[in-house]
Amino acid sequence: MVVIEASILSADFARLGEQARQAEVAGVDAIQVDIMDGRFVPVITFGPGVVRALRPLVSVPLDVHLMIVAPERHLEAFADAGADRLIVHQEACPHFHRVLQRIHELEIEAGVAINPGTPLSVLEEVLDLTDLIQVMTVNPGWGGQPFLHSQLDKIRRLRRMLDERGLDTPIAVDGGIDPTTAPLVVSAGATVLIAGSSIYNCYASVTENVAALRASVGREM
């Protein structure tokens with residue numbers, strides 16, 4: 001089954017709670033909250049307070065994507081705020097294994113994200129600690145960027161790597177996901193679609209956009 005997550009990076013920040021609820025009513029399986037610090041990526045977005053404010057407004061899981069330097073300094077704050085999963089970047093974690101261990105000690109799921117230029121080999125020693133692997137199909141920093149088709153082969157190779165080890169770890173894809181690109185990444189082996197600007201836009205309602213995304217991968221409402 002393909003999981004759909006709404007990235008609120010593309011939502012109307014003045015109506016964040018309302019737009020998160022709209023996505024839940026539309027049938028998304030989770031909400032992804034992109035945390036950016038202006039250092040690991042150029043943009044500054046949210047902090048633990050936003051996660052805490054959203055937590056009572058939706059019942060679906062909150063995936064918190066930490067695009068920040070030294071994420072180990074903030075794990076407890078986001079866990080306490082109500083995150084169901086913390087996704088950290090290998091590129092930001094010199095002590096990668098320890099960070100994933102600490103997330104599990106906080107009794108929440110640990111996800112790993114890798115940038116387009118990062119090889120899959122960095123994951124080999126931590127696959128047993130990883131509850132989700134998020135392949136970035138754009139360079140992180142802004143919503144609405146075009147999908148990088150070069151990452152499709154990486155998704156295929158990751159699927160083979162997991163299959164060879166007998167692991168059913170979900171593969172998430174984040175960046176440029178819409179009804180055109182979603183079937184491509186699912187065919188390559190992805191099981192989680194993270195969509196922002198294709199859900200939150202001025203062309204159709206959130207409900208219509210989620211339905212279109214589901215239909216594109218053969219998963220009707």
Side-chain angles (χ1 to χ4, degrees), residues 3 5 7 9 30 32-43 45 63-76 78-79 83-106 108-143 145-177 181 184-194 196:
V3 168
E5 298 193 12
S7 168
L9 182 63
Q32 183 151 131
V33 186
D34 288 314
I35 310 299
M36 303 181 184
D37 63 358
R39 297 179 62 200
F40 182 69
V41 294
V43 179
T45 55
D63 261 8
V64 176
H65 180 191
L66 297 177
M67 288 177 272
I68 61 177
V69 172
E72 65 276 6
R73 298 173 53 194
H74 306 281
L75 303 178
E76 290 81 0
F78 283 104
D84 294 286
R85 179 190 289 136
L86 293 178
I87 300 170
V88 295
H89 272 260
Q90 180 277 334
E91 302 90 350
C93 298
H95 302 290
F96 198 27
H97 193 278
R98 183 187 304 165
V99 171
L100 297 177
Q101 284 182 318
R102 179 56 185 150
I103 294 173
H104 283 131
E105 289 170 359
L106 295 169
I108 59 177
E109 290 192 359
V112 172
I114 55 172
N115 287 338
T118 301
L120 292 175
S121 58
V122 301
L123 303 175
E124 292 179 356
E125 304 304 326
V126 296
L127 288 177
D128 60 324
L129 291 173
T130 304
D131 298 303
L132 173 139
I133 300 169
Q134 185 162 309
V135 177
M136 299 301 298
T137 45
V138 298
N139 286 294
W142 293 274
Q145 295 183 67
F147 179 84
L148 295 175
H149 285 77
S150 61
Q151 299 305 295
L152 288 170
D153 183 60
K154 179 184 283 186
I155 298 168
R156 295 187 192 98
R157 288 184 285 115
L158 176 57
R159 182 77 276 161
R160 287 197 297 271
M161 177 190 296
L162 294 171
D163 289 346
E164 288 169 359
R165 298 198 182 198
L167 299 172
D168 59 359
T169 309
I171 298 176
V173 179
D174 181 12
I177 297 300
T181 58
L184 301 178
V185 300
V186 170
S187 178
T191 52
V192 180
L193 304 177
I194 299 159

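When all heavy atoms of Ala188 and Leu152 are compared, the pair lying nearest together is CB-O, 3.9 Å. What you find for Phe147 and Gly176 is that their closest heavy atoms are CB-O, 3.7 Å. Pairing each heavy atom of Leu100 with each of Gly111, the nearest pair is CD2-O, 4.2 Å. Gln32 and Asp174 get closest at one heavy-atom pair: OE1-OD2, 3.7 Å.
The line from CG of Leu158 to NZ of Lys154 is 9.0 Å long, rounded to the nearest 0.5 Å. The CD1 atom of Ile108 sits 10.0 Å away from atom CZ of Arg85, with the distance rounded to the nearest 0.5 Å. A distance of 11.0 Å separates OG1 in Thr130 from CD1 in Ile87, rounded to the nearest 0.5 Å. Put simply, CD1 on Ile194 and CE on Met136 are 7.5 Å apart, with the number rounded to the nearest 0.5 Å. With rounding to the nearest 0.5 Å, the separation of CD in Gln151 from CD1 in Ile114 is 8.0 Å. His95 contributes atom NE2, which lies 12.5 Å from atom CD of Gln101 (distance to the nearest 0.5 angstrom).
A donor atom on one side chain and an acceptor atom on the other are found under 3.5 Å apart for Glu91 and Thr118. Neither side chain, Glu5 nor Gln134, offers a donor N or O lying under 3.5 Å from an acceptor on the other.
Between Leu66 and Leu75 the shortest side-chain heavy-atom distance falls below 4.5 Å. In this structure, Phe96 and Val112 have side chains that are in contact, with non-hydrogen atoms separated by less than 4.5 Å. The shortest side-chain heavy-atom distance between Met67 and Thr45 does not fall under the 4.5 Å cut-off. Residues Pro71 and Cys93 meet the side-chain proximity criterion, which asks for heavy atoms closer than 4.5 Å. Side-chain atoms of Leu162 and Ile133, non-hydrogen and from C-beta on, do get closer than 4.5 Å to each other. Contact annotation: the side chain of Leu127 never approaches that of Thr169 to less than 4.5 Å [non-hydrogen atoms, C-beta and beyond].
Within a 6.0 Å sphere centred on CD of Glu125, heavy atoms belonging to other residues, nucleotides or ligands number 12 at most. Within a 6.0 Å radius of CG in Asp168, other residues, nucleotides and ligands contribute 12 heavy atoms or fewer. In Arg39, the CZ atom is not crowded: 12 or fewer heavy atoms of neighbouring residues, nucleotides or ligands sit closer than 6.0 Å.
Put simply, the side chain of Arg159 never gets that close to the backbone of Ile171: no donor and acceptor are under 3.5 Å apart. Looking only at distances, a side-chain donor or acceptor of Thr137 sits under 3.5 Å from a matching main-chain atom of Gly175.
For the pairing with Glu109, the side chain to side chain contact (heavy atoms under 4.5 Å, CB included) check across Asp63, Ile103, Leu86, Asp131 returns one residue only, Asp131.
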Original post:
What do the steps show when you test His65 against Leu9 for side chain to side chain contact (heavy atoms under 4.5 Å, CB included), and what is the final call?
Top reply: CA-CA 11 Å; His65 180 191; Leu9 182 63; over 6 Å; no
